[in-house]
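Remember, it's a predicted structure, so these values are computed and weren't measured experimentally. All residue numbers in this chain count up from 1 along the given sequence. Values below: all heavy atoms of this structure, side chains included; hydrogens, waters and symmetry mates excluded. Read the numbers this way: they start at 1 and go in the same order the structure lists the ligands and their atoms.
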Amino acid sequence: MALPRRHHKALLAFALLLAASMRCGGEEGKESIKRIEPDPYAQRRAEMVREDIARGSILGRNPVKHKAVLEVMRTVPRHEFVPPNLVDRAYADSPLPIGHGQTISQPYIVAYMTEMLEPDEDDVVLEIGTGSGYQAAVLAEIVKEVYTIEIVEELAKQATERLKRLEYENVHTRFGDGYFGWTEHAPFDAIVVTAAASHIPPPLIEQLKPGGRMAIPVGPPMRVQSLMLVEKNEDGAVRQRNVMAVRFVPLTRAREKEESAPSTKERTISLIE
Ligand code: SAH
């Protein structure tokens, strides 16, 4: 249908206006999406850091001070690492169950253990006990590569998928018994063990670089344990000290499934030590 000539000018003006507004709308639209859709959990993370992690002394804890660690705790979406029915409690000051009798550690403990490692951007870090993958993600935001081992196959699978979906490309997962470390990628600048061991596994000490640091809870299962800082100096001498009382799920051993007696013995020996 032909338009009356007198409408042509008005139509052209309208079309130009529309095109201009669409272009602006496109650009602005993108930005305003960011503005009107803030991360709904950012505020909760900021509070978690302020109240539970950086303010430790008031709670009778050592406050975490490491800048990069605090920044990462404000960034990593912890709610993505907890079961859907616990998302509301993701930023609470406590560990949470993740299935298979295991837990995602308390945010303060994750931050504290990360700080203990004095992580650096060039570091290659080994984690024993992937669990949900949260500690691995926190480390991955700071260091170069994270290698993490999980003994429960289903958890290893879930964490691998989760870390992939969240695009943590520098985290490498493996299903197996972490007691023996990961020789192919050793030595490591730092090692973090997130399950309580009866003793410090010698293969992990071996796989620590001179100058490296390891954080590991040591003690009886399901009771109060000692969070140990293990430091290997440049000459290879190893020093260890207890930094805090903690409670972790036990470091289990692949062979315990068949025979539990030797591990009980190991525990007894290490308690006497
Ligand atoms: N770092 C985890 C916390 C996991 S709890 C997180 O951020 O969510 C400890 C985990 O260690 C559990 O998933 C448990 O299955 C695992 N684990 C226990 N013994 C292990 C072993 N020998 N090797 C590897 N993983 C082990």
Heavy-atom check, side chain of L70 versus side chain of H66, under 4.5 Å = no
List, pair by pair, the atoms of ligand 1 and of the protein that are both N or O and lie under 3.5 Å apart, giving the separation rounded to 0.1 Å.
unit_1   : atom_1 : unit_2 : atom_2 : d
ligand 1 : 1 (N)  : E127   : OE2    : 2.9
ligand 1 : 1 (N)  : G129   : O      : 2.9
ligand 1 : 1 (N)  : T194   : OG1    : 3.1
ligand 1 : 7 (O)  : Q135   : N      : 3.0
ligand 1 : 8 (O)  : S132   : N      : 3.0
ligand 1 : 8 (O)  : S132   : OG     : 2.6
ligand 1 : 13 (O) : E150   : OE1    : 2.7
ligand 1 : 13 (O) : E150   : OE2    : 3.3
ligand 1 : 15 (O) : E150   : OE2    : 2.6
ligand 1 : 19 (N) : T252   : N      : 2.9
ligand 1 : 19 (N) : T252   : OG1    : 3.3
ligand 1 : 22 (N) : D177   : OD1    : 2.8
ligand 1 : 22 (N) : T252   : O      : 2.6
ligand 1 : 23 (N) : G178   : N      : 2.8
ligand 1 : 25 (N) : I151   : N      : 3.2

Heavy atoms, side chains only, cut-off 4.5 Å: are M113 and L227 in contact?
-> yes
Charged tip of R78 within 45° of Y91 ring normal and under 6.0 Å | no
Ignoring hydrogens and angles, write down the donor-acceptor pairs under 3.5 Å from the side chains of residues 132-140, residues two or more places apart or on other chains.
unit_1 : atom_1 : unit_2 : atom_2 : d
S132   : OG     : Y134   : N      : 3.1
Q135   : NE2    : T114   : OG1    : 2.9

Flag side-chain contact, heavy atom, 4.5 Å: Q240 against L229 = no
Would you say V238 and M214 are hydrophobically clustered, going by side-chain heavy atoms of ILVMFWY under 4.5 Å?
-> yes
